[in-house]
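Order of the sequence lines sets the chain letters (A, B, ...), proteins ahead of strands, with each chain counted from 1.
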There are 2 protein chains.
Amino acid sequence: MAVARKPNAGVTELAKKTGLTKSRAYRLLHTMEQRRIIKRTSESTYGLGEAMLVLGITASTQTDVIRLATPILEELCQRVNETVQLRIVDGVEALCIAKAEPSRDLRVHANVGRRRPLYAGSPKCLLAFQPQEFIDRCVPLKPPALTAHTPKTRVAILEELTRIRRQGYCVSRGEVSDHQVSCAAPVFALDNSVVASIHVVAPAFRIRDSELEHIIRISTSAAERLSKSLGWSEDA
Amino acid sequence: MAVARKPNAGVTELAKKTGLTKSRAYRLLHTMEQRRIIKRTSESTYGLGEAMLVLGITASTQTDVIRLATPILEELCQRVNETVQLRIVDGVEALCIAKAEPSRDLRVHANVGRRRPLYAGSPKCLLAFQPQEFIDRCVPLKPPALTAHTPKTRVAILEELTRIRRQGYCVSRGEVSDHQVSCAAPVFALDNSVVASIHVVAPAFRIRDSELEHIIRISTSAAERLSKSLGWSEDA
DNA sequence: CCTATTCGTTTCACTGTACGGAACAAGAAA
DNA sequence: TTTCTTGTTCCGTACAGTGAAACGAATAGG
């Protein structure tokens with residue numbers, strides 16, 4: 001997992017990150033390389049290997065969230081005719097684990113595997129429903145201003161999170177990148193925890209208020225359908 | 001890996017498959033469950049867990065084959081306007097690790113993570129370039145007749161493999177499922193081994209001989225481009 | 001050019017971990 | 001009932017994997 005988190009790191013660096021001895025780290029890396037769990041990306045830097053790829057792809061067919069989400073994402077994508085993403089929390093970041101893209105020429109490009117900070121833009125939808133202790137750890141005191149619309153203070157972000165919890169969805173207008181609007185809705189599991197979020201991302205000029213409302217309506221409904229198929233049901 | 005290969009298996013079954021003691025198997029499963037590498041699918045049956053999903057998705061962004069293939073697959077998909085797949089050998093099967101689908105209504109559906117036997121249809125393209133010893137192990141004496149066009153004998157398959165090696169691509173007309181035509185081309189790595197194959201799958205009625213030739217031409221060229229971007233260069 | 005660090009790698013004696021075998025409870029089948 | 005299965009736990013011991021230290025080979029600094 002340390003290798004995944006920090007690709008192209010060497011033995012010493014990985015040993016430090018994980019708190020292992022250098023010799024232990026070295027030996028672990030050595031045997032994991034033999035088993036193809038990791039591979040050398042250059043002389044003495046490591047990355048995830050082929051075995052991990054195969055296991056991960058297999059995992060995605062055995063995991064409910066992905067299996068059930070795929071058709072829902074595709075339908076949503078077709079209805080809004082914009083790029084759709086499924087994200088989960090990994091570490092202190094949002095990780096895109098599935099996507100669907102429309103075939104129109106001008107669209108926002110999405111990438112499975114890409115990570116984003118949780119405290120800016122539509123990933124806030126994931127953050128909002130995490131334990132307060134986790135939220136406090138994730139939101140920086142001085143969030144970097146990516147665009148003119150990025151919330152400038154920690155307090156502003158925390159207030160936004162409260163609003164998201166209340167209204168049940170999140171809208172970001174050019175917060176993380178200009179000319180981009182995104183809308184996200186939370187996906188609940190049996191225990192009422194939020195396990196993922198569904199995002200619709202679109203070029204800003206195409207989204208007037210009326211379109212935005214339409215997108216909000218059907219993406220929250222898509223997220224709700226996914227929640228229900230995961231066993232969740234609506235109560236306090 | 002045993003859990004991946006055989007989902008919904010219990011302790012005893014997994015212990016047998018792996019040659020481990022029952023107590024060892026139990027303890028390994030127990031700690032892997034704590035680390036979220038695997039999860040219980042029911043009382044005492046196991047499947048791959050969330051950690052595996054995250055690692056696998058991360059691996060796919062760190063793996064050259066996938067990263068470089070994605071744009072090539074998408075371009076190929078657009079040019080042939082049919083479903084395109086990227087497959088690798090896993091165990092004695094072909095595993096689909098990436099795909100691209102056109103947006104037209106009638107198309108062959110593909111699924112990342114799906115496995116197919118290596119000895120029938122276009123996966124033969126992968127098999128053809130493996131070591132002879134491996135081929136012998138994979139091709140059954142009496143291959144099951146999936147359709148009227150499935151090769152009926154072991155010898156027929158072996159001859160087909162020779163032809164594939166000679167011509168550098170593989171065509172399957174309804175071998176694994178009626179009304180489906182597929183065409184595959186091998187992807188080479190630096191050491192001239194075949195690491196993957198690019199497949200174009202289409203409904204049979206749409207593919208006349210002239211279209212097929214066109215598909216063969218541009219899919220072999222796509223595979224060649226991918227090979228080259230992996231560091232391969234054409235020599236004996 | 002010579003230290004001073006840094007890196008990855010290897011050695012070695014030791015110890016604490018993870019092992020196998022057997023026993024256990026709880027079901028299911030005979 | 002008995003006799004198979006399951007999954008789970010116990011326990012004494014062997015030995016695998018450990019940490020610390022040493023090693024050679026780089027790179028950086030003065």
Euclidean distance, atom [atom1] of residue [X] to atom [atom2] of [N] [Å, nearest integer]:
X: A:Tyr46; N: C:dC7; atom1: OH; atom2: P; value: 14 Å
X: B:Leu14; N: D:dG7; atom1: CG; atom2: C1'; value: 12 Å
X: A:Glu33; N: C:dT9; atom1: CD; atom2: C1'; value: 13 Å
X: B:Glu43; N: C:dA26; atom1: CD; atom2: P; value: 14 Å
X: A:Arg24; N: D:dA20; atom1: CZ; atom2: P; value: 12 Å
X: A:Leu28; N: C:dT9; atom1: CG; atom2: P; value: 14 Å
X: B:Lys22; N: D:dG7; atom1: NZ; atom2: P; value: 7 Å

Side chain of [X] - closest among [options]:
X: A:Ser44; options: D:dG19, C:dG8, C:dG21; value: C:dG8
X: A:Thr21; options: D:dG19, D:dT9, C:dG8; value: D:dG19
X: B:Arg27; options: D:dG7, D:dG19, C:dC19; value: C:dC19
X: A:Val11; options: D:dT8, C:dG8, C:dC19; value: C:dG8
X: A:Tyr26; options: C:dG8, D:dT9, C:dG20; value: C:dG8

Problem set entry | A:Ser182 and A:His199: side chain donor to acceptor below 3.5 Å | no
For this session: Considering non-hydrogen atoms only, spot the tightest contact between B:Leu126 and B:Ser197 and give its length.
Result: CG-OG, 3.2 Å
Exercise. What do you reckon, is CZ of B:Arg137 surrounded by more than 12 foreign heavy atoms closer than 6.0 Å?
Worked result: yes
For this session: Let me know, please, whether B:His30 or B:Lys16 comes out on the 5' side of the other along DNA chain D by nearest nucleotide.
Result: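 Looking at the nearest nucleotide for each, B:Lys16 comes out on the 5' side.
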Exercise. Do A:Phe188 and A:Val195 come within less than 4.5 Å of each other through their side chains, counting heavy atoms only?
Worked result: no
